[in-house]
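Just so we're clear, the structure is a prediction, and the values are computed from it rather than from any experiment.
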Amino acid sequence: MDGGGDVLNIKKWTVFYPVYINSKKTVAEGRRISVSNACENPTCAEIADCCSHLKLPFAIEIDKAYPRDFMQRGRVRVLLKKEDGTLCNPAISSRKQLMLRVAELVPRHPGRVKKQEPASTSTAGPSKSGKGGRKKR
C-alpha cells in the first residue's frame, strides 16, 4: 500500500475507546461489557500496553474523543484480523472478547498494581467498614 510496513491502514482497524470497559460508566454513557467484568477508569496507555501484551498490533490516537463523552480524549485502534482475514491472536476473534481480555488485564497493569494491592487480597469487607468509619467521625 503506502510502504509503511506494519502500519497498513489503521482506518480499517477496530476502534477501542476506554469508555467501553469503564466500570464507572453506564451502558447509556458507552460501556459495552458488564460492570462485573469492567475495570475502573482505564487509560489509553493501559489499553495499549494490554494490546501489546496480547501480541495485537495497535495505534494510539490521542487527539480523538468519544462522541458521548468528548471531554475524555484518546482512543486505541487495534488490528484483530490481518488483510487475508486470519486472526492476529487466535484467542481473540471479536471486539467483545478483546474488551473482556483487556478489562481483565488493566487492573494488573504495572502502573496500577501498587494502588490496587490491598483490594486484590481478600480484604474487601474491612475496607467497606473503613468507609463507614470515616462517615461517623
Do the side chains of K24 and E40 get nearer than 4.5 Å, heavy atoms only? yes
Between the SG atom in C51 and the CD atom in E46, the distance rounded to the nearest 0.5 Å is 12.0 Å
| said: Go through it in stages, so that I can follow the logic: the residues are D63 and R73, the test is side chain to side chain contact (heavy atoms under 4.5 Å, CB included), and I'd like the CA-CA distance, side-chain angles, deciding distance and then a yes or no. | reply: CA-CA 6 Å; D63 54 331; R73 292 263 167 218; 5.8 Å; no
Output for pair (C88 SG, K82 NZ), nearest 0.5 Å, gives 5.0 Å
ask   = Side-chain contact, heavy-atom cut-off 4.5 Å: L80 with I92?
value = yes
- Task: Look at the aromatic rings of Y17 and Y20 and report parallel, tilted or perpendicular, splitting at 30° and 60°.
- Result: perpendicular
query: Going only through I, L, V, M, F, W and Y residues with side-chain contacts under 4.5 Å, is there a path from V35 to I47?
result: no
Mind checking whether F58 and V76 have side chains closer than 4.5 Å, heavy atoms only?
yes
**Item:** side chain to side chain contact (heavy atoms under 4.5 Å, CB included) between N22 and C39, worked out
**Value:** CA-CA 5 Å; N22 190 345; C39 56; over 6 Å; no
dist R75:CZ -> T14:OG1 (nearest 0.5 Å) comes out at 11.5 Å
ask   = Quick check: does any side chain N or O of R32 sit under 3.5 Å from a backbone N or O of K96, one acting as donor and the other as acceptor?
value = no
So SG of C50 and CZ of F16: to nearest 0.5 Å the spacing works out to 8.5 Å
For C44 and G74 the tightest heavy-atom approach is SG-C, 3.2 Å
- [ ] Would you check if the side chain of Q72 reaches a backbone N or O of D69 as a donor-acceptor pair within less than 3.5 Å?
- [x] no
Could you go through Y66 and V19, starting from their C-alpha distance and side-chain angles, then the distance that decides it, and tell me whether this counts as side chain to side chain contact (heavy atoms under 4.5 Å, CB included)? CA-CA 8 Å; Y66 188 58; V19 179; 3.8 Å; yes
Quiz item: So, S52 and D49: side-chain donor and acceptor under 3.5 Å apart, yes or no?
Solution: no
Inset, instruction - Before giving the answer on side chain to side chain contact (heavy atoms under 4.5 Å, CB included), spell out for L56 and L98 the whole-Å C-alpha distance, their side-chain angles and the decisive distance to 0.1 Å. - result: CA-CA 10 Å; L56 291 169; L98 173 69; 3.5 Å; yes
task: Determine, using the 4.5 Å side-chain heavy-atom cutoff (strictly less than), whether L54 and L79 are members of one ILVMFWY cluster.
output: no
Original post:
Any side-chain heavy atom of L100 within less than 4.5 Å of one from I21?
Top reply: no
When rounded to the nearest 0.5 Å, the distance separating CG of L87 from OG of S93 is 6.0 Å
> Can you tell me if R77 uses its side chain to pair, donor with acceptor, with the backbone of V15 under 3.5 Å?
Replying inline: no
* Asked: Under 3.5 Å, side chain of R31 to main-chain N/O of A38, donor-acceptor pair present?
  -> no
So do E61 and I10 actually touch side chain to side chain, heavy atoms under 4.5 Å?
yes
The reported gap from CZ in R108 to NE2 in H53 (rounded to nearest 0.5 angstrom) is 7.5 Å
